[in-house]
Structure formats: structure tokens, C-alpha cells
2 protein chains.
Amino acid sequence: MTSETKKPERLTRIQRENRTRIREAALEAFSRNGFRGTTLDQIATLSSLSKPNLIYYYKSKEDIYLELFVSLLDQWLEPLVALNIEGDPIEEILSYVRVKLALSRDKPRESRLFANEVLRGCPRIAWFIKKDLKNVVEEVEAKFQHWIDEGKIAAINPRHLLYSIWAVTQHYADFESQITLLQPNKHETFAEAEIYVEQLFRGILTPRNA
Amino acid sequence: MTSETKKPERLTRIQRENRTRIREAALEAFSRNGFRGTTLDQIATLSSLSKPNLIYYYKSKEDIYLELFVSLLDQWLEPLVALNIEGDPIEEILSYVRVKLALSRDKPRESRLFANEVLRGCPRIAWFIKKDLKNVVEEVEAKFQHWIDEGKIAAINPRHLLYSIWAVTQHYADFESQITLLQPNKHETFAEAEIYVEQLFRGILTPRNA
DNA sequence: GTCTATACAAAGATAGAC
DNA sequence: GTCTATCTTTGTATAGAC
């Protein structure tokens with residue numbers, strides 16, 4: 001715990017600003033072009049810094065890339081672990097769906113960054129999937145199963161429920177370019193999506209007895 | 001119509017075989033690494049042909065890439081246009097869902113190839129989305145709307161229904177690496193998925209009166 | 001038709017001046 | 001801390017022998 005990593009603390013204002021500008025530029029580039037498709041020149045141009053200066057702040061291209069995942073994964077896991085087993089099951093789940101859809105609307109680049117990595121077989125974040133994400137997923141699955149056992153939601157496969165929530169919500173970020181080409185008005189798309197996804201998941205979650 | 005393109009006809013057996021081997025190798029590489037991430041060396045190694053020989057058969061890397069999309073897009077559109085407006089609406093739609101899910105299981109590379117391209121903003125296939133796909137989508141939307149008007153399926157947004165079918169089914173191909181890291185048994189995953197997606201879409205399609 | 005050798009450009013990273 | 005110049009590697013594509 002004796003600060004082996006020197007990154008977070010004791011940075012000048014300029015250092016903090018520059019690192020932030022680099023991350024912003026890198027997110028823009030990596031999310032659109034993937035790791036291999038992104039060049040340090042692009043990041044340098046977008047951040048208005050020189051290429052060597054980038055390497056002064058981050059020791060390699062991969063270093064910048066990996067740092068972007070830290071904040072992304074935090075953001076994505078937080079609402080998942082927040083699922084409250086004491087709350088109303090359907091409202092808890094729908095609330096998670098809404099958060100995730102809002103993330104697709106407001107932070108689509110983060111979603112595309114993740115999709116890029118997974119499409120390639122998770123070469124750089126497999127460690128995270130196997131440990132942290134797997135644990136969280138199993139906890140969530142247990143909560144869903146608990147609600148199923150109590151008859152509060154329909155008897156469905158809890159894991160695939162989670163997959164389909166991810167799939168449907170992230171689709172609006174990851175396939176944004178396709179959607180835009182088919183239907184140019186982004187605001188309208190998300191307004192419709194909010195209504196639709198609620199119907200979709202309410203439809204499968206609602207128990208079929210009463 | 002006077003054969004300007006010399007590709008299809010009049011090829012020797014060796015030429016046909018080599019072109020096929022190149023396409024197979026290119027699909028493997030492009031689907032995993034994207035356009036920029038794929039090198040001619042990789043394709044050459046995978047196809048057991050020399051790099052210059054590749055360029056003998058296809059005039060450029062991009063040429064190989066584009067040809068892969070032709071067969072992919074055919075495959076994807078065919079079951080969409082086959083939606084029969086005379087058939088039972090819910091069964092017609094569920095049947096399309098099953099076909100699409102089977103494509104994710106049996107041809108995941110094609111799905112990833114497409115996802116890669118769309119993630120990057122469709123730089124090379126925007127023309128196709130804006131013309132062919134847009135037309136097909138509008139036809140499908142009209143069929144869905146017709147069924148809604150007749151009260152045979154629930155009143156939902158037809159376009160987002162289509163998006164969610166794509167999202168959920170393609171997720172099993174595009175995010176296969178994530179799913180495998182979370183749950184190694186592929187066969188089991190698809191067996192569960194078949195049941196789940198049917199429940200999911202039946203849930204939203206079934207009218208809420210009777 | 002297929003290969004070896006190579007031209008030419010782009011990209012990641014470093015050296016060293018300021 | 002930041003820049004110019006440069007090293008090194010890799011990648012697309014071509015030339016020309018066989």
C-alpha cells in the first residue's frame with residue numbers, strides 16, 4: 001500500500017490537464033478505429049500535443065488504451081451491483097435497463113471501445129472478464145434467480161436476460177452509424193427506444209399467471 | 001450488361017480454389033482483427049499463398065474485404081424479405097429470429113465482420129445501408145405495422161423490434177469471446193439462447209387482451 | 001501463375017537539443 | 001516539459017525472374 005504507482009497523486013495542473021486531454025483524444029480515436037486502427041499521430045493531433053509528448057505522459061499506446069478501460073468498467077459495473085434485492089424486482093431491472101440505455105446515448109464511445117475489444121476476442125481485458133465481471137455476473141444471476149424462485153418475475157434464464165439487456169441497450173451505441181443511416185434523427189431514436197425497451201423487458205419479466 | 005466485370009466466368013479450377021481459399025482466410029482475419037488490423041501477411045499465411053499472389057487474384061486488400069460483404073449481405077437479407085405477410089405473424093417473426101440466431105451460431109465470423117464495419121461508422125458500406133438495407137427495412141416495418149393494425153401482434157415500435165432482434169441474436173456472435181469467458185460451454189449457451197429469445201420476443205409480440 | 005526481392009510509406013518509440 | 005530529428009519495424013504493393 002506504499003504508493004508503488006506514482007500516477008494519481010502529486011500532479012501539477014498542467015499534467016492533469018494534459019493527461020485528461022490525451023484520454024479524451026484517445027477515447028475518440030480508439031472507439032472509432034480500434035486499437036490497431038488508431039495511430040499515435042491521430043491522438044497527437046486530436047489532443048494538440050506532439051507525439052513524443054504523448055509518450056512522456058503515457059509510456060506506450062497500450063498504456064493509454066488500458067487506462068480508458070478503468071473508468072469505463074467502473075461506470076458499467078456500478079449500476080449492476082446497485083441492483084437492490086429488497087426493491088421491487090421489475091422496477092429494479094427496468095431501472096438498470098434505463099441507466100444502461102442512457103449510457104449508450106450519452107457515452108457511446110465508451111460502449112464502442114468495449115465492443116471493439118470484445119470483437120477481437122478480449123486480447124487485452126480477458127483478465128477483467130474472468131475475474132471481476134464474472135463475479136458480478138454471478139451475483140446478479142443469483143439475485144434474478146431469487147426473484148424467480150419467489151415468483152416475482154417470470155421463470156426465464158437469468159444469464160440470458162442479462163445478455164439481452166446488454167445487447168439491446170448497447171446496440172444503440174455500437175450500431176449508431178447503421179441506425180443513423182436508416183433513420184437520421186438521433187433524439188427521436190432514443191425517445192422511441194426508451195419506450196420500446198421498457199415494453200420489451202416488462203413483457204418477459206411479468207409473471208404469466210395473474 | 002456486356003460483361004464489363006471479368007470475375008465470375010471462365011476461371012480455371014485452380015483459380016476458383018485459390019480465390020475461395022483467399023476469401024476463407026480473409027474472413028477469418030478481417031472478422032477478428034478488422035480492416036486495419038488485418039495484414040496481407042496474415043491472409044497469405046492463412047491461405048498458404050504468397051503475398052504477391054494474393055494481389056494477383058485481388059487487386060487490393062480492400063477488394064478482398066468488399067467481396068466478403070456481398071455474400072454476407074445476401075445471407076442476411078434473404079430471410080428478411082422472406083417474411084410472409086400471409087403467414088401467422090408471431091410464427092413468421094419467431095422463425096426469422098431463429099434463423100438469425102442460427103447464423104450467429106454457425107457463421108459468427110460474418111457477423112463480426114459486419115459489426116466491425118458498423119462500429120467504425122460504415123466507411124466502406126454506407127452505400128449499401130442507405131439503399132438496399134433501408135428499402136428492406138421499410139418493407140419489413142410495413143409488414144409489422146400491418147400486423148399491428150390487424151391486432152395480430154401487440155402495438156410496439158416495429159423498427160425497434162427489428163433492432164432488438166438484430167441486437168439480441170448478433171450479440172451471441174459479436175460478444176462470443178465475452179460469453180465464452182463467462183461461461184465456457186458454447187453448445188449449452190446456444191441451446192439456452194434458443195429458448196430464451198423465443199420467450200423474449202413472444203412476450204412482447206403477444207397482444208395483451210385475451 | 002507463382003515466387004524472390006524490393007520499393008516506398010506509415011507507425012511506434014527514442015535521442016538529445018532547448 | 002516539449003520539440004525536432006531519427007531509428008526501426010511493419011505493411012502494401014510492384015518488378016521482374018522463372
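So that the names make sense, note that chain A is the first sequence line, chain B the second, and so on, each numbered from 1.
- When the P atom of D:dT14 is taken as reference, atom NZ of B:Lys51 falls 13 Å away, rounded to whole Å.
- In terms of phosphate contacts, B:Ser50 brings a side-chain nitrogen or oxygen within less than 4.0 Å of OP1 or OP2 of C:dC3.
- Within 4.0 Å of A:Leu49, counting heavy atoms only, lies no atom of the nucleic acid at all.
- Whole-Å rounding puts the A:Leu54 CG to D:dC3 C1' distance at 13 Å.
- Which of C:dA13, C:dT2, D:dT2 sits closest to the side chain of A:Leu40 comes down to C:dA13.
- We find that OH of A:Tyr57 is positioned 20 Å from P of C:dG12, with the value rounded to whole Å.
- Look at B:Tyr56 and you won't find any side-chain N or O under 4.0 angstrom from OP1 or OP2 of D:dT14.
- In this structure, the NZ atom of B:Lys61 is 4 Å from the P atom of D:dT12, given to the nearest Å.
- For A:Lys59 and C:dG12, the NZ to P distance is 16 Å, given to the nearest whole Å.
- No salt bridge links B:Glu139 with B:Lys143; every basic N to acidic carboxylate O contact stays at or beyond 4.0 Å.
- The closest side-chain donor-acceptor pair between A:Ser164 and B:Tyr196 falls under 3.5 angstrom.
- Residues A:Asn116 and B:Arg120 have side chains that bring a donor and an acceptor to within less than 3.5 angstrom of each other.
- In this structure, A:Arg36 does not reach the C:dA11 phosphate: none of its side-chain N or O atoms is under 4.0 Å from OP1 or OP2.
- To the nearest angstrom, P of D:dT6 lies 17 Å from CG of A:Asp41.
- Between A:Gln42 and A:Ile55, the residue anchored closer to the 5' end of DNA chain C is A:Gln42, taking for each the nucleotide with the nearest heavy atom.
- Counting only N and O atoms by type, the side chains of A:Tyr57 and A:Arg21 include no donor and acceptor under 3.5 Å apart.
- In this structure, A:Ile43 atom CD1 and C:dA11 atom C1' are separated by 12 Å, rounded to whole Å.
- In this structure, the CG atom of B:Asn53 is 5 Å from the P atom of C:dC3, given to the nearest Å.
- Summary of the strand contacts: B:Ser48 and A:Pro52 both lie near DNA chain C, and taking for each the nucleotide with the nearest heavy atom, the more 5' one is attributed to B:Ser48.
- Residue B:Lys186 places its NZ atom among more than 12 non-hydrogen atoms of other residues, nucleotides or ligands, all under 6.0 Å distant.
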